[in-house]
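Following this message is one structure expressed as structure tokens.
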Number of protein chains: 2
Amino acid sequence: MDLNERKLKILQAIVQDYIQTAEPIGSRTLTKRYNIGVSPATIRNEMADLEDLGYLTQPHTSAGRIPSDKAYRLYVDYLLQMKKIASFQRDSMKTNLLKRFGELEDVLQYSSKILSELTNYTSIALAPQIKGSRLKHIQLVPIDNEHIIAMIVTDTGVIKKPLLRFSGGMDFDYTQKVSALLNEKLAGLTFQDIEQKLVKELKEEAHQFSSIIQTIVPEVFKTLEEIDDFELFLNGTTNIFNFPEFSDIFRAKSFLTMLEEKSLISNMITSTEAEGLTISIGSENPFHQAKDCSLITATFKLEGNTMGWLSVIGPTRMDYSHVISVMEQISSYINQLLKNR
Amino acid sequence: MDLNERKLKILQAIVQDYIQTAEPIGSRTLTKRYNIGVSPATIRNEMADLEDLGYLTQPHTSAGRIPSDKAYRLYVDYLLQMKKIASFQRDSMKTNLLKRFGELEDVLQYSSKILSELTNYTSIALAPQIKGSRLKHIQLVPIDNEHIIAMIVTDTGVIKKPLLRFSGGMDFDYTQKVSALLNEKLAGLTFQDIEQKLVKELKEEAHQFSSIIQTIVPEVFKTLEEIDDFELFLNGTTNIFNFPEFSDIFRAKSFLTMLEEKSLISNMITSTEAEGLTISIGSENPFHQAKDCSLITATFKLEGNTMGWLSVIGPTRMDYSHVISVMEQISSYINQLLKNR
DNA sequence: TATTAGCACTCTTTGTTGTTGAGTGCTAAC
DNA sequence: GTTAGCACTCAACAACAAAGAGTGCTAATA
């Protein structure tokens, strides 16, 4: 018993119907809505087979069938193979997105907003942690007698700005010299390298600035450590209320509570390694909280470094076709942006 | 017919009971739970009076009574008058809060998190817009040949960092001179002043830098304009699921949707002018979306300038006593912090 | 005169029961 | 191999009854 042409046809019809209606579908209704070419009785037999094979489940004996995660996986793989990317909204999106410049974080956040609006699902933007990235520029700026800001730009575009308390005062020229030295020594290195090896060396080498470097540099890193979470932006969280599977208050609650757990979400998203689109369906997700959800993640890379992630999360009964097409569009513009900065 | 001692006693009992149980309460139950000293029949008469006076309502004829917004208002005014501030958690909170330094925004955000955890309601932190505040420090930093970051520190502690595209390149010394000039001319002024009057003057005066100033300064302000929303931080949004009045999916949805409307929320919060705690109950709120909610807002000022807001939002049946006491605590520490920076 | 006991009445909530209809699996006929 | 027919299942819905918490009114009471 394998998946012949007819079984595939029936399965696809069921998946598509369920994505639209969220209702279990029976053999008779299927023949009415779709042109399968066989009678309900035959479909019933095929459905029983498909259930045995694990593609369909039945909420109760006298109900229709609903697709399993396995069925969605088949459907999605088929879709990805076809890659029938629609080309809607191309122009308006392009100009809007390209008009924005600035930090990658902003671009991701803005894209996430568009994404949730276009798909009506919840969208998540995630910027990488600073640790793995490379220092592009560091600049100490004295604010007043007691405070210095260390402005830090990385190759992933993240700009962190730890505010340091530094009693004793320091004038601009001095911070300028220190900044120049730090740039010279540290630019291009990863933060891990800097922290592990170079601070010591630097202290020894730069005698004339040893006091300030001993005070400031560890302080900068300590503060960075503290603020260095994954930055997570959510959009369209209330969209789940549009879906009947979340009209149960407990489901809605657990979904929204899951979204509030930043660490869980970022774990789930960053676990995707491959560049491009990754789809994980229902129980494929690493956390049980997400077992009724599908997560579509676009990973952005530049020269091997991960620059950020963009995700859509929704019910397993997700309109994969639509979401994939929108995400492919947005991804291509972001990649364009990444290459041209 | 006025509010005699006994009516007040009964009303207070009803309010307190309803805050705890969220169930309409009848005369008999009231006598059982509280020691009023009269029979249910008497209480019924008094309740009928209180209903006529607008302090109570009845969901239906054979149900108990629930307090109206007017009743909560009376209760809250009484509470504020008493100011029975409990002194729990004082020490742990103090050390935690004072350990944090840095931007006021961070302090507000962190406080909001504590606040939602301590009260189990939703908490909102709001930092002021940049427009009304004064420039404390501006520093242009060249990142590469095409980008300059303008780091801007204001007296409200907000640090904005618009990234500007500036083709042509500019070396550090040059940006340094320009920064110094801008600081000299602009520090201490409000952004409105700068924008309206001074840009023109500056252009004329500073001949040697006229080209860059003509290019950069308007660009900085344009970018500021774009990013200058109220910064709004939400915490504990899913806490509403704990309250039976939001166990209806539509209520929950409309509450959460309201929270997503940043402009509405910030309008509601910033409409409070007075320093200290402001409470608006149910229909007292300016927006109908919030007519089932109470909003308790702490406004922080320093020398007349509003530095930020901290709010708790929840059902009108809010545990005012508890929330007020927690907010008084946190506010006092934030004020302490503000004065000592 | 203010308070209270008693009573009839109201209305929601909860549980029961029957009906409907969409769906199934199985069998026998085509 | 496919399909018509049939008995069966089960959720959803509506109708109905009973329970229970509450009310307002009236008459008795302190």
Side-chain angles (χ1 to χ4, degrees), chain A residues 1-11 13-15 17-18 20-68 244-245 247-248, chain B residues 1-11 13-15 17-18 20-68 71 244-245 247-249:
Chain A
M1 182 172 62
D2 61 343
L3 281 177
N4 56 29
E5 194 78 17
R6 193 169 65 191
K7 279 196 179 60
L8 279 173
K9 198 171 175 184
I10 291 173
L11 191 54
I14 293 175
V15 171
D17 197 82
Y18 192 72
Q20 289 226 330
T21 65
E23 298 286 341
I25 184 164
S27 52
R28 231 177 85 79
T29 321
L30 206 63
T31 54
K32 268 190 259 175
R33 288 204 198 135
Y34 302 85
N35 185 19
I36 312 279
V38 291
S39 79
T42 311
I43 291 183
R44 277 204 288 284
N45 291 330
E46 297 286 39
M47 277 174 153
D49 288 355
L50 286 168
E51 187 168 352
D52 287 344
L53 289 166
Y55 291 103
L56 295 178
T57 54
Q58 233 179 339
H60 55 87
T61 47
S62 70
R65 304 300 212 290
I66 60 175
S68 68
E245 42 267 77
S247 62
D248 174 46
Chain B
M1 182 171 62
D2 60 343
L3 282 176
N4 57 28
E5 195 78 16
R6 193 169 65 191
K7 280 196 177 60
L8 280 172
K9 198 171 175 185
I10 291 172
L11 191 54
I14 293 175
V15 170
D17 197 81
Y18 192 73
Q20 290 226 329
T21 65
E23 298 286 342
I25 185 164
S27 51
R28 230 177 86 80
T29 320
L30 207 62
T31 53
K32 267 190 261 174
R33 287 202 199 137
Y34 301 84
N35 185 20
I36 312 280
V38 289
S39 79
T42 311
I43 291 182
R44 276 204 289 284
N45 290 329
E46 297 286 39
M47 277 175 153
D49 288 354
L50 285 167
E51 187 167 354
D52 287 343
L53 288 165
Y55 290 103
L56 296 177
T57 54
Q58 232 179 340
H60 56 86
T61 47
S62 68
R65 304 300 211 290
I66 60 176
S68 67
E245 42 268 77
S247 63
D248 174 47
I249 194 88

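Just so it is clear: chains get the letters A, B, ... in the order the sequence lines come, proteins before strands, and each one is counted from 1. What you see below is based on every heavy atom in this structure, not just the backbone, and it leaves out hydrogens, waters and symmetry mates. The structure displayed is predicted, hence computed values, not measured ones.
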Is there side-chain contact between B:I14 and B:M47, with at least one heavy-atom pair below 4.5 Å?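 Sidechains of B:M47 and B:I14: in contact.
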
Using only side-chain N and O atoms of A:T61, determine if any of them is under 4.0 Å from OP1 or OP2 of D:dC8.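 Checking D:dC8 against A:T61, no side-chain N or O comes under 4.0 Å of OP1 or OP2.
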
For the side chain of B:R44, counting heavy atoms from C-beta on, which of C:dT24, D:dT3, D:dC25 is nearest?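 Among the listed nucleotides, the one closest to the side chain of B:R44 is D:dC25.
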
Less than 4.0 angstrom between a side-chain N/O of A:S62 and OP1 or OP2 of C:dG23, yes or no? no

Round to the nearest Å and state the distance from B:E46 atom CD to D:dT23 atom C1'. 16 Å

Residue-phosphate contact under 4.0 Å: A:R65 side-chain N/O, C:dG23 OP1/OP2: no

Length of the line joining B:E23:CD and C:dT12:P, which is rounded to integer Å: 15 Å

Criterion side-chain contact (heavy atoms from CB on, under 4.5 Å) on B:E46 and B:D49, from CA distance to verdict: CA-CA 5 Å; B:E46 297 286 39; B:D49 288 354; 3.7 Å; yes

Sugar-phosphate only, base, or nothing, as touched by B:T42 at under 4.0 Å among non-hydrogen atoms: base

How many whole angstroms separate atom CD1 of A:I36 from atom C1' of D:dG1?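 That distance rounds to 18 Å.
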
Do other residues, nucleotides or ligands put more than 12 heavy atoms under 6.0 Å from the CG atom of B:N4?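 Yes, enclosed.
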
Could you give the CG-to-C1' distance, from B:D49 to D:dC25, as a whole number of Å? 15 Å

Surrounding CD of A:E51 (heavy atoms of other residues, nucleotides or ligands, distance under 6.0 Å), is the total greater than 12?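 Counting neighbours around CD of A:E51, more than 12 heavy atoms of other residues, nucleotides or ligands fall under 6.0 Å, so yes.
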
Between P of C:dA5 and CD1 of B:I43, the distance in whole Å: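 Result: 12 Å.
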
A:N45, nearest nucleotide to its side chain (from C:dG23, D:dT23, D:dT3): D:dT3

Nearest 0.5 Å, what's the CZ-CG distance between A:R6 and A:L50? 10.5 Å

Would you indicate what B:A41 reaches in the nucleic acid, counting non-hydrogen atoms under 4.0 angstrom: base, sugar-phosphate, or nothing?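 Counting heavy atoms under 4.0 Å across all strands, the contact made by B:A41 includes a base.
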
Rounded to whole Å, CZ of B:R6 lies from C1' of C:dA2 at a distance of 8 Å

Can you measure B:K32 atom NZ to D:dG20 atom P for me and round it to whole angstrom units? 12 Å

Side-chain atoms of B:H60 come closest, of C:dT12, C:dC26, C:dT4, to C:dT12

Would you please confirm or rule out a distance under 4.0 Å between OP1 or OP2 of C:dG21 and any side-chain N or O of A:R28? no

Tell me which nucleotide among D:dT3, C:dT24, D:dT23 gets nearest to the side chain of A:M47.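 Output: C:dT24.
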
B:D52 has an atom CG; how far is it from atom P of D:dT23, in whole Å? 14 Å

